[in-house]
Amino acid sequence: MSKTSNRWVGARITRREDPDLLRGQARFTDDIRLDTPLHLAFLRSPMASGTLVEVEIEEALASPGVHAIHLAQDIGRTSPLSVNRVLPLPNPPAFPLLAQSRVEAVGQPIAAVLASRLAEAQDAADLIFAEIEDEDTPPPRPLAQKHWKTGILDQTFAKAALVVEAEIQHPRLAPSPMEPRAIAVAYDRATERATIWHSTQTPHRTRSELAQILGIDVDRLHVIAPSVGGAFGMKASLYPEEVFAVWAAFHHRHAVKWMASRSDDFLSATHGRGLTTKGRLALSEEGKFLALSAEIDAPLGHWLPNSGLIPAWNAARILPAGYDIPELDLATTACAENRPAMGIYRGAGRPEANCLIERLIDKAARVSGIDPVELRRHNLLGPMDLPHKTLSGDILDSGDYPGVLDRLTKSAGYTALLEERDRRRAMGELVGLGVAFYLEPSGSGWETARVTLKPDGHVDVLSGSSSQGHGRETAFAQIVADALGLDPAKVTVTCGNTDLCPPGIGALASRSTAIGGSAVLAACQEIVRRQAQGEPAPLSAEMRYENDGQAWGYGAYLVMAAIDRETGVMTLEQVHAIDDAGTILNPLLVEGQVMGGFAQGFGEAMMEALHFDADGQLLTGSFMDYAMPRATDVPPLKIDKTETPSPMNILGAKGVGEAGTIGAPAAILNAAHDALAPLGVTDLQMPLTPSKIWQAICAAEEGKT
Ligand code: SMO
């Protein structure tokens, strides 16, 4: 990396975004003042499967403030949403904005009301009557599959000294960013152009997809992602409701606004996880991993968001994580079903892959009597084995996998913790230690940046990437400050505006620093080159940067947990995290990402779960019945890091946005099973609620008497 100094990259500077956010001065989509907008509310399907016979709208139409009510037939032909086909997809599902002749999930929009006020739209939606011929909900239908295989696994499993099996059911989760989905559309009758404020991770994708789905010239769409109140993968795709809002603005040549309520999001925003993974691991007498077979079952819901196939793909292709396993059989199947759509959610298949292998290793350690850390170290790829090409064709680029385990066990005092566990265990306490290694591939592909050095020494950065409140502007200013040798206060960073910024992808798959930041650096390098040739300011450079492949972050988590025998309450007494995110731009940002990711991984492991009844009705549609971790629930973390720059991008950065969600569940699951091992408990599923643990304890103790 060619830099004139290294004063700002790596510095612990506070986020420039925070003063506005903390003072309530940030502008979110709902803060945008539109000219007498029409507010949108939807009548949603009360049934998971059925034929739409008739929709009666007369009474609703006469309701105060109602401007129009639309059904599917008003919209006409639209094109489907693009799907990232990481798995072969022979029959892509339809993408109706409103239900056509059938309803396919509870919560699917059937009719849309446009009214002067939101309350009027909602009241009118309640007056619409949809006659639906209810049907039995059909079983899940396979939509996409993939299979990777190397070796003759049957023979290896038959001859192995030890074979262990595991099945993990990941609870279905509600990503729940603080700001629900939101879109505000201004329509200019003079230019016939719409300006669209959208709470999204991918503003350029919003524009291109809207143009394609609605058949509108892309130049007539100006998309702005203002402040985005979290996203976590849930805002990486367009939703039927959002596309409808834009259709309605063009149809009525009028401003339209849709703000999802929290209930709307529980019911019809994409959900995450929900995968079931099954695996078998064969080991030699000496504890060498010989073969791994894994079967992934991924639910998809009733429509497919842009990244809908990613979890099913990641959960399989990331296996066998960082381990050297010569024979592999990895199969993944993604199934459509009559449920809300599944999407990427912070981790997006990475937690599932890592959880499976880490549970298998712990089981093997327990049966073989080999220390679980030692068993991992023995089988991890070493620094000399990297770069390593995986079965799915990925390149694990750089790092020292056993090294982070060594450093983690040393800094956590692993040996002393084992002694403490055994001492307390001997006194009758339920105490466990859990370790997990993880890999976090960050995205591949391209981003752009236009950097302008002005004669007064100020710099404007226009990034094609995006920000969802995760400090991108701060990090990009640090890159510019070092590359051009100036103070970051002189740097203005703008993301998320399709009229101003060059085209880009956005902030997802832990890619915005590694790729978006590399584009910023590349543009600065071009400016430095022209400065050296004596060109005077203003100097402007626009670069499209494409990385050489995914940068693979990695790390390890260690959890010490105690379980109260009487209540089943599990307390995480100690959590140690170590992550290698490559070149660190700002330790504060990295630590924030690790903490936030850990909190969400902790949520999955300990308390969060969406439940449906047999008819497909969501039983957990609010924070009264969906347990979201609160600040007081989340234990303090000891965070450590190593820094092995990635050769895959010019910054050397690796993603760290998903680290905690990947490492935490596996380590917590392993700690819980270790704590309960003296009772013989072996296969607990997340979330590890007190009642579930208590029942497992009771069942184990009953079995003993
Ligand atoms: S789950 Mo992320 O926003 O790729």
Side-chain angles (χ1 to χ4, degrees), residues 82-84 86 170 172-179 181 198-206 225 228-239 265 269-275 298 300-301 304-315 317-318 334 341-355 438-445 447 465-472 495-496 504-516 547 550-553 581 592-594 596-601 603-604 608 653-665:
S82 305
V83 175
N84 187 355
V86 287
H170 287 261
R172 197 172 168 123
L173 303 178
S176 308
M178 277 204 277
E179 182 204 25
R181 290 168 294 165
H198 185 206
S199 184
T200 179
Q201 297 166 247
T202 48
H204 286 90
R205 181 187 286 172
T206 293
V228 175
F232 312 119
M234 201 197 86
K235 296 175 182 170
S237 181
L238 271 166
Y239 286 85
D265 269 12
T270 50
H271 295 158
R273 309 284 191 269
L275 284 74
L300 293 177
L304 211 44
N306 183 280
S307 299
L309 298 176
I310 296 282
W313 173 65
N314 268 343
R317 64 115 192 176
I318 289 170
M342 300 299 292
I344 47 172
Y345 168 51
R346 201 171 191 172
R350 298 167 182 82
E352 294 90 328
N354 283 283
C355 246
Y438 77 88
L439 283 185
E440 178 188 4
S442 43
S444 60
E447 276 308 348
S465 186
S466 190
S467 185
Q468 50 197 288
H470 61 311
R472 225 36 36 200
C495 307
I505 309 281
L508 70 163
S510 300
R511 75 198 296 289
S512 61
T513 298
I515 314 178
N547 68 3
Q550 296 194 298
W552 292 69
Q593 287 297 330
V594 170
F598 178 85
Q600 286 180 304
E604 170 174 12
E608 291 181 50
K654 300 171 182 172
V656 72
E658 300 168 280
T661 53
I662 307 168

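Whatever order the structure lists ligands and atoms in, that order sets their numbers, starting from 1.
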Visitor: Could you tell me whether R181 sits above the aromatic face of Y239, with NZ or CZ closer than 6.0 angstrom to the six-membered ring centre and within 45 degrees of the axis?
Guide: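 Geometry flag: set, cation within 6.0 Å and 45°.
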
Visitor: Just how far is it from atom CG of L439 to atom CG of N354, taken to the nearest 0.5 Å?
Guide: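 Taking CG in L439 and CG in N354, the distance rounds to 6.0 Å.
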
Visitor: Heavy atoms only: which of G347, A509, A231, G655 is nearest to atom 4 (O) of ligand 1?
Guide: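 Looking at heavy atoms only, the winner is A509.
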
Visitor: Report, in ascending order of atom number, the atoms of ligand 1 lying under 4.0 Å from any heavy atom of E658.
Guide: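 Going through ligand 1 atom by atom, the ones under 4.0 Å from E658 are 1 (S), 2 (Mo).
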
Visitor: May I ask you to list the atoms of ligand 1 that are less than 4.0 angstrom from any heavy atom of R346?
Guide: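 Close to R346: 1 (S).
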
Visitor: Enumerate the atoms of ligand 1 whose separation from the nearest heavy atom of L508 is less than 4.0 angstrom.
Guide: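 Answer for ligand 1: 3 (O), 4 (O).
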
Visitor: Less than 4.0 angstrom from a charged side-chain N to a carboxylate O is my criterion; do E179 and K235 meet it?
Guide: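 Yes, this pair counts.
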
Visitor: Just checking, is any N or O donor in the side chain of H470 or Q593 under 3.5 Å from an acceptor N or O on the other one?
Guide: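 H470 vs Q593: no donor-acceptor pair found between side chains.
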
Visitor: Determine, for E440 against K654, whether the closest basic-nitrogen to carboxylate-oxygen distance falls under 4.0 angstrom.
Guide: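 No.
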
Visitor: Kindly confirm or rule out an N or O of Y345 lying under 3.5 angstrom from an N or O of ligand 1.
Guide: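 Not met; the criterion fails.
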
Visitor: Any ion pair linking R346 and E658 (charged N to carboxylate O, less than 4.0 Å)?
Guide: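 No salt bridge links E658 with R346.
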
Visitor: Q201 heavy atoms, cut-off 4.0 Å: which ligand 1 atoms fall inside?
Guide: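 Those of ligand 1 that fall under 4.0 Å from Q201 are 3 (O).
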
Visitor: Which atoms of ligand 1 have any heavy atom of F232 under 4.0 Å away?
Guide: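 Matching atoms, with element in brackets: 1 (S), 3 (O).
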
